Structures are given as structure tokens and as C-alpha cells.
Visitor: 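Before we start, here is the structure in question, set down as C-alpha cells.
Given the structure is predicted, the values throughout are model-derived calculations rather than measurements. To find a chain, count down the sequence lines: A is the first, B the second, and so on, and within it residues start at 1. The basis for the numbers below is simple: all heavy atoms, side chains too, and nothing from hydrogens, waters or symmetry mates.
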Amino acid sequence: MSEKLEPLPGTSDIWEPETSQWVFLESTARDIFPRYGYGELRTPIFERTDVFVRSIGTETDVVQKEMYTFADRGGRSLTLRPEGTAGVMRAIANQGLAEGEERRVFYMGPMFRGERPAAGRRRQFHQVGVEAVGRASAAMDAECIAMLHHFLTELGVGDGTILVNTRGTAADRPVVAEALKTYFTPLKDQLCPDCQRRLGANVWRLLDCKIESCQPLMAGAPRITDLLGEESKAFFAQVCATLDTLGVPYRVEPRLVRGLDYYIHTVFEVTHGGLGAQNAIAAGGRYAITLPGNADKAIEGVGFAAGMERLLMARESLGLKAAAAAGVQLYVVGLGSRAQAAALPLAQILRTNGFRTLADTGARSMKAQMRAADRAGARLALILGDNELDRNTVVVKDLKASTQEECPRAGLEARLAAILAPEAC
RNA sequence: GUGGGUGUAGCUCAGUUGGUUAGAGCGUCAGGAUGUGGCCCUGAAGGCCGCGGGUUCGAGCCCCGUCAUCCACCCCA
């Protein structure tokens with residue numbers, strides 16, 4: 001229990017049987033996303049700092065106070081990735097993308113943010129996400145949301161609420177921001193302290209305030225949709241129409257704005273009950289990302305990221321549990337020094353033949369070894385003593401049925417397989 | 001960064017208004033006539049009571065600080 005051995009705050013060691021839940025989650029992602037033409041991409045866990053700063057936005061909380069940034073030996077500023085999109089965009093830009101070419105990738109892995117841990121919020125957390133890059137179409141946005149819904153349904157958490165909204169084109173955004181500032185600035189004294197701060201930092205977020213006293217002021221605020229140009233409105237209308245066609249349940253939430261700067265047009269979020277205060281299990285949208293050294297040409301795409309811890313929490317709240325990892329089948333018990341020397345080689349051969357096998361490696365009493373076999377969850381104990389060695393046999397004891405038989409060493413594997421067979425079905 | 005709850009055995013937790021050698025259940029290990037697990041019985045190992053300071057004749061218990069953890073805020077997945 002030494003504090004020196006504990007993982008750092010907001011990080012944790014993941015053991016069985018929890019690991020099995022993670023494997024299930026990862027397998028589901030690798031099953032579903034390729035059905036939509038996505039391939040897995042693995043990017044580095046750290047990047048040059050400006051890869052994140054340029055794409056996420058200087059004014060965001062993530063960049064200003066949550067990044068794990070350090071200098072490497074050459075003095076370069078590096079950062080542990082706080083989210084997945086920026087690195088994926090960097091990788092795609094590095095490889096090159098022809099005009100009009102579309103690329104679809106998914107990724108999963110750890111992300112890092114220096115926040116105060118809470119339910120559903122860790123410093124090292126994990127995301128599974130997708131990006132479809134290179135083209136802009138409303139149908140693509142809708143398909144992306146449909147795929148997310150498919151994925152969540154496959155995980156058993158399709159009962160979440162899908163919220164969608166639009167932030168308009170890159171050209172519309174400053175117009176909206178300006179209108180919001182114009183409306184709220186005279187009302188500054190009436191706003192809650194958080195909103196007063198947001199007024200300077202991130203006007204869009206004002207609309208998302210949950211404080212009671214701010215609500216009347218929100219009601220009179222200009223609506224984002226009224227300020228958008230025709231192009232933005234038409235784009236969003238088509239996104240919604242396509243979602244209808246695909247049968248994806250969703251709700252338009254005009255106050256949904258998201259926290260990162262790079263979003264344009266469609267933004268969406270999926271919330272789920274039973275997670276504590278952090279109720280978003282996945283979120284995403286369409287974006288235009290500027291990479292270092294390429295300021296004039298933004299990469300556009302649509303994607304989402306889902307919090308893996310949160311997905312697992314949502315599943316747990318519904319009582320869903322993936323099958324545990326396969327346990328030990330055989331336990332080789334060796335009696336006496338001759339047999340003990342033979343136990344490990346026998347186990348090795350059995351493993352080669354596909355049996356999950358444990359062999360007692362200490363010179364322990366039979367009682368101790370049998371108890372160990374039981375506690376390891378083995379179905380069969382293979383008892384090997386001087387008598388069996390002399391007769392070239394093995395006593396096979398079924399720990400579930402409490403029956404045993406002496407089997408000739410030749411053909412042992414076939415006999416074991418026969419006994420275990422019903423269990424495999 | 002701000003606020004609140006909680007820190008006693010490997011795990012889950014008792015521990016009286018401050019008073020001898022700090023307990024239970026589970027788990028681990030060993031034994032119960034020498035080659036047979038599960039249930040049962042017996043025994044053992046395992047604690048700087050998170051850490052540091054203070055009050056007191058005396059602190060697991062009270063006070064302060066600190067660290068860790070859980071939760072909430074902020075923000076986000």
C-alpha cells in the first residue's frame with residue numbers, strides 16, 4: 001500500500017477481469033468500423049506541441065491548462081496527446097492526400113489531460129475515434145453519426161441520447177460570435193461569474209450555462225440558426241434529412257456548441273445516464289484543421305471520439321458484462337522428485353497441443369497441489385507419481401465430477417480433449 | 001485551479017466518552033496418520049492505524065499540515 005507504488009493520480013492499472021471488458025470494446029470497434037470502410041491507424045502518443053496547439057486552438061482549456069508538455073533532450077517542446085484528431089490529421093497530411101481523395105481511419109488508445117480526476121474523468125483516459133477526411137458532404141456527416149449509433153448499439157448502449165447542432169461555416173462563425181458578444185456584453189453584470197469569464201474566453205459556451213439565474217438571459221439571446229448563412233442552413237438540413245432516412249434517432253440541441261475551436265458545421269454528442277456528472281460518452285463533428293507549416297490550407301473532415309472508460313461505465317450501469325478470459329483447463333500434480341521433474345515437460349507438451357495448463361512448480365504436498373488445482377479453476381487434475389511413471393500412465397481426475405481414471409500416456413491428449421469437449425461448445 | 005467525503009491486515013470493514021498486547025470476515029500458507037481439491041476443524045504469517053507535527057500522564061480516536069483516493073465545480077471523452 002505504499003504510496004510510491006500507486007499509479008500517478010488519475011491513472012490506473014487495469015487487471016483481469018476488467019481487461020476482458022476492454023478487449024471486448026476494442027474488438028467491437030475493429031468489427032464495426034471496417035464495415036464502413038475505415039482502417040485502423042496508430043499514431044504516436046506524443047507529438048510536437050504545435051501540432052495540438054494549432055489544431056485545437058490556443059484559447060481552449062485543453063491547450064491552456066490541460067496539456068502534458070515537456071522539453072525533450074534537443075529542447076523541442078513535445079506534448080502527450082490530449083485528443084486523437086490532431087495527430088491523425090498530421091499523419092494524413094504527412095502521407096499526402098490527393099485533391100478530392102477521401103480517407104477513413106479509426107484509432108484507439110490513451111490520451112492525457114492534466115485535470116482533477118472525478119467519475120468518468122482521468123488524466124490518462126482512453127478514446128476510440130474515427131476520422132473521415134478529404135471531402136465535405138452532409139451525407140458523410142450523417143453516415144458518421146449513424147456509424148456511431150451502430151457502434152453504441154452493438155455495445156449495448158444504444159439507448160443514449162444523440163444531440164446534434166450546427167456551428168455553421170468557417171465564415172459564419174465569427175458572425176455568430178460577434179452577435180453573441182454584442183448581446184451579452186451589456187448584460188455582463190447579470191451573468192454568473194463563470195459566464196462573465198466565458199464572455200471573454202469562449203462566447204459560444206455561454207449558451208450551454210446551466211445556472212438558474214442565467215436562463216432568462218439565454219432565452220433572449222440570438223439563435224445560432226438565425227445568424228447562419230444559407231449554405232450553413234442547407235447543409236444542416238440535409239444532415240438531419242439523411243439521419244431521418246437512415247433511421248437514426250437524434251435530437252436537435254441548439255445550445256450544443258462543443259469546446260474545441262476546430263469544429264464547423266455539424267457537431268454532435270451522445271449522453272448516457274448512470275455515469276455521474278460526466279454524461280457524454282461520445283462526441284464529434286465536422287472540422288477544419290490547420291497544421292503547422294501549412295497555415296493556408298486546412299484539412300477538412302468529420303469524426304468523433306468516444307471515451308472508452310465511459311462506454312464501459314455505461315455498459316456496467318446496464319449490467320452488461322463481456323465473457324471473462326478463458327481459464328485454466330488442466331493442472332499437473334507431481335508427487336515426489338521424479339514426477340515433479342516430469343510434470344513441467346508434460347505441461348509443456350499439453351500447451352503445445354492447445355490446452356491451457358498449469359503445473360505445480362514447487363515440491364508441495366499432494367493436498368496443497370490439489371487445492372491449488374481447485375483454486376486455479378482447473379477442470380482436470382493430472383496426477384503424476386512414481387506409480388504412474390512406472391506404468392507410463394497419468395491419473396486424470398475430473399474436479400467437477402469428482403471422478404478419476406488412469407489413462408495411458410499414449411493417447412492422453414485425445415482423452416483430455418474428449419472430456420473437455422462439451423465445455424467448449 | 002476551487003469545494004466536500006474517506007484513509008486501520010492482501011481485500012471488505014469494526015474499533016465505545018482518548019485508557020493495557022489494535023480486531024473480525026474473506027483471502028494466503030500449513031496441518032487434520034504419511035497418493036486426492038471444494039465443506040468443516042486447528043494453527044500460522046501478515047499492521048510505523050497514509051505521512052509529519054501538535055494537544056495530553058496517555059492518541060487509531062482530538063487539532064493543524066501534507067499526501068493519496070472518491071465525488072462535485074470548471075471543462076471535457
Visitor: Between the base of B:U36 and the side chain of A:Q404, is there a donor-acceptor distance below 3.5 Å?
Guide: yes

Visitor: Categorize A:A283 for me: base, sugar-phosphate, or nothing, with a 4.0 angstrom heavy-atom threshold over every strand shown.
Guide: sugar-phosphate

Visitor: Touch check for A:T60, heavy atoms < 4.0 angstrom, all strands: base, sugar-phosphate only, or nothing?
Guide: nothing

Visitor: Charged N to carboxylate O under 4.0 angstrom, A:R286 versus A:E300?
Guide: yes

Visitor: Taking O4'-C1'-N9-C4 for purines and O4'-C1'-N1-C2 for pyrimidines, is B:G58 syn (within 90° of 0) or anti?
Guide: anti

Visitor: Applying a 4.0 Å non-hydrogen cut-off, can you work out what A:R113 is touching in the nucleic acid: base, sugar-phosphate, or nothing?
Guide: base

Visitor: Which atom pairs link the protein and nucleotides 38-47 of chain B when you take only N or O atoms and keep those under 3.5 Å?
Guide:
{"from": "B:G38", "atom 1": "O4'", "to": "A:D374", "atom 2": "OD2", "distance (Å)": "3.0"}
{"from": "B:G38", "atom 1": "O6", "to": "A:S402", "atom 2": "OG", "distance (Å)": "2.9"}

Visitor: Is the number of heavy atoms from other residues, nucleotides or ligands within 6.0 Å of CZ (A:R42) greater than 12?
Guide: no

Visitor: What I want to check is whether an N or O donor and acceptor connect the side chain of A:Q278 with the base of B:C75 at under 3.5 Å.
Guide: yes

Visitor: Using a 4.0 Å heavy-atom cut-off across all strands, classify A:A368 as base, sugar-phosphate, or nothing.
Guide: sugar-phosphate

Visitor: Any donor-acceptor pair under 3.5 Å joining the side chain of A:D386 to the base of B:G35?
Guide: no

Visitor: Classify the side-chain pair A:T393/A:E406 by whether it contains a donor and acceptor separated by less than 3.5 Å.
Guide: yes

Visitor: Given pairs defined as Watson-Crick or G-U wobble with both distances under 3.5 Å, what dot-bracket annotation applies to RNA chain B, with ( ) intrastrand, [ ] crossing, | other strand and . unpaired?
Guide: (((((((..((((.....[...)))).(((((.......))))).....(((((..]....))))))))))))....

Visitor: Taking A:S232 for the side chain and A:T169 for the main chain, is one N or O donor matched with an acceptor at less than 3.5 Å?
Guide: yes

Visitor: By nearest nucleotide on RNA chain B, pick out whichever of A:V270 and A:L8 is the more 5' one.
Guide: A:L8

Visitor: Looking for any heavy atom pair under 4.0 Å, which part of the strands does A:I383 touch: base, sugar-phosphate only, or nothing?
Guide: base

Visitor: Is there a donor and acceptor pair closer than 3.5 Å between the side chain of A:R310 and the base of B:C76?
Guide: yes

Visitor: Under 3.5 Å, is there a donor-acceptor pair between the side chain of A:R123 and the main chain of A:E115?
Guide: yes

Visitor: Checking only heavy atoms, does the side chain of A:E388 share a donor-acceptor pair with the base of B:G35 at less than 3.5 Å?
Guide: yes

Visitor: Let's see if you can work this out: which of B:A77, B:U36, B:A72 has an atom nearest to the side-chain heavy atoms of A:V395?
Guide: B:U36

Visitor: Between A:R338 and A:D390, does any side-chain N to carboxylate O distance fall below 4.0 Å?
Guide: yes

Visitor: Check this one for me: any side-chain N or O of A:S365 less than 4.0 Å away from OP1 or OP2 of B:A30?
Guide: no

Visitor: For A:G120, report the nucleic acid contact type (base, sugar-phosphate, nothing); a contact means any heavy atom under 4.0 Å.
Guide: base

Visitor: Taking the nucleotide of RNA chain B with the closest heavy atom to each, which residue, A:L275 or A:G10, is nearer the 5' end?
Guide: A:G10

